[in-house]
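Computed from a prediction, not measured in an experiment: that's the story for all the values here. The first residue of the sequence shown is numbered 1, and numbering continues consecutively from there.
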Amino acid sequence: MEKALNVLVIGGNRYVGKRLIARLLAEGHRVAVLNRGSSPPPAGVEHLRADRDDEGALTGALGSRVFDVVVDQVCYTPRQAAIARRVFSGRTRRYVLTSTVEVYEYEDSPALVREEAVDPSTVTVDLHQPWDDPAFLEAHYGEGKRQAEAVLAAGPEFESTAVRVAHVLGGDDDFTGRLAHYAERIRTGEPIAVPTSNRPATFVYVEEIARFLAWTAGEDFTGPVNAASPGALSTEELCAAVAAHVPGGRTEFRHIEVGEVSPFSFRRSYGMDNARAARLGFTFTDTRQWLPRAVAETLGKGD
């Protein structure tokens with residue numbers, strides 16, 4: 001990035017978001033954070049408080065402020081995206097939506113999936129679904145993100161891109177408990193449930209996705225972009241990395257046809273092609289280079 005940008009991060013209280021903010025600050029950008037005030041931002045960051053679902057409150061919190069770019073970490077529904085489109089019209093030239101690999105939930109190919117598999121311009125948007133119902137939203141997470149992408153991409157108010165993030169690993173503040181799930185079962189020898197046909201997935205290191213989002217903020221490309229490290233992992237490979245930090249543990253798998261499986265076990269392919277990111281100028285590190293460090297961080301074992 002050649003010049004300092006005026007950046008607004010929506011969300012950003014924890015995990016990827018706080019690392020994104022730290023990178024933006026380190027690169028010399030002016031940063032504001034908008035959230036409901038659940039925790040203060042780091043020094044040097046302007047804190048704006050509002051519920052992003054409340055259009056009036058959001059407008060009021062922004063006042064007359066304008067931004068070079070908005071990075072939205074917590075947009076999950078087309079309603080939220082529609083509010084953002086209205087409120088940020090004339091306030092930003094660029095909008096970066098943190099999206100997800102889950103937009104490809106209906107794709108199941110052994111080949112790594114490319115962005116064109118889900119074109120936001122072809123996605124049907126339904127603002128009347130019960131998006132405010134937490135249970136509905138949880139069950140339709142991928143659909144909510146797909147429709148949010150479509151809403152933001154459709155308007156002329158600003159340029160937008162959707163960063164489709166792979167499964168994130170690493171950090172001593174990983175709140176998901178997914179690697180801990182494996183560590184506990186390996187420690188006790190309890191079987192780990194995997195599908196009979198267990199497919200690999202692509203992942204991304206928490207520090208690298210923060211770096212990618214900060215880089216994206218300063219670029220000018222539009223449309224969706226996959227954010228994933230090369231080198232898909234199977235559950236077995238992931239568990240081998242976890243087992244290295246569980247002395248005396250035993251890894252045992254239980255293959256099941258139906259029912260709930262362990263967190264990173266998949267009945268369909270979850271691999272994303274990152275060739276577009278490479279063409280745009282960003283190179284992701286191979287998964288197997290950062291995986292030992294990521295597991296050590298999450299399990300509190302150090303490097």
field: Test item: V118 and P224 side chains (from C-beta on) under 4.5 Å apart, heavy atoms
entry: no

query: Does a side-chain heavy-atom distance below 4.5 Å link K145 with E102?
result: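 The answer is no; the side chains never approach within 4.5 Å.
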
message: Strictly by ring pair (Phe, Tyr, Trp, His ring centres under 6.0 Å), give each pair with a member in residues 100-120 just once, sequence neighbours left out.
response: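 Residue pairs with at least one partner in residues 100-120: there are none.
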
task: Sequence neighbours left out, what pairs pass ring pair (Phe, Tyr, Trp, His ring centres under 6.0 Å) with at least one residue falling in residues 4-27?
output: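 Found Y15-F175.
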
When rounded to the nearest 0.5 angstrom, what is the spacing between [atom1] in [X] and [atom2] in [Y]?
{"X": "S64", "Y": "R91", "atom1": "OG", "atom2": "CZ", "answer": "7.5 Å"}
{"X": "E208", "Y": "T285", "atom1": "CD", "atom2": "OG1", "answer": "3.5 Å"}
{"X": "T122", "Y": "E116", "atom1": "OG1", "atom2": "CD", "answer": "11.5 Å"}
{"X": "E46", "Y": "R65", "atom1": "CD", "atom2": "CZ", "answer": "4.0 Å"}
{"X": "F67", "Y": "F158", "atom1": "CZ", "atom2": "CZ", "answer": "13.0 Å"}

R164: which of E105, E149, E115 passes salt bridge (Lys or Arg N to Asp or Glu O under 4.0 Å):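 Output: one option passes, namely E149.
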
statement: salt bridge (charged side-chain N to carboxylate O under 4.0 Å, His left out) pairs touching residues 274-286, sequence neighbours excluded, are none

- prompt: Considering residues at least two apart in sequence or located in another chain, which fulfil the side chain to side chain contact (heavy atoms under 4.5 Å, CB included) criterion with T188?
  reply: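 Expected list: E184, E190.
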
field: Partner set under side chain to side chain contact (heavy atoms under 4.5 Å, CB included) for L137, not counting sequence neighbours
entry: Y76, T77, W131

Note: R19-D173 ion pair, threshold 4.0 Å (strictly below):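 Yes, charged N to carboxylate O under 4.0 Å.
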
message: Atom CZ of residue position R14 - does it have more than 12 heavy atoms of other residues, nucleotides or ligands inside 6.0 Å?
response: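 Not buried by this count: 12 neighbours or fewer within 6.0 Å.
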
message: Please identify which of these residues, W290, F212, F203, meets the ring-ring contact (aromatic ring centres under 6.0 Å, His included) condition with F284.
response: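 That would be F212; it is the only one of W290, F212, F203 passing the ring-ring contact (aromatic ring centres under 6.0 Å, His included) with F284.
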
field: Partners meeting ring pair (Phe, Tyr, Trp, His ring centres under 6.0 Å) with H140 (sequence neighbours left out)
entry: F136

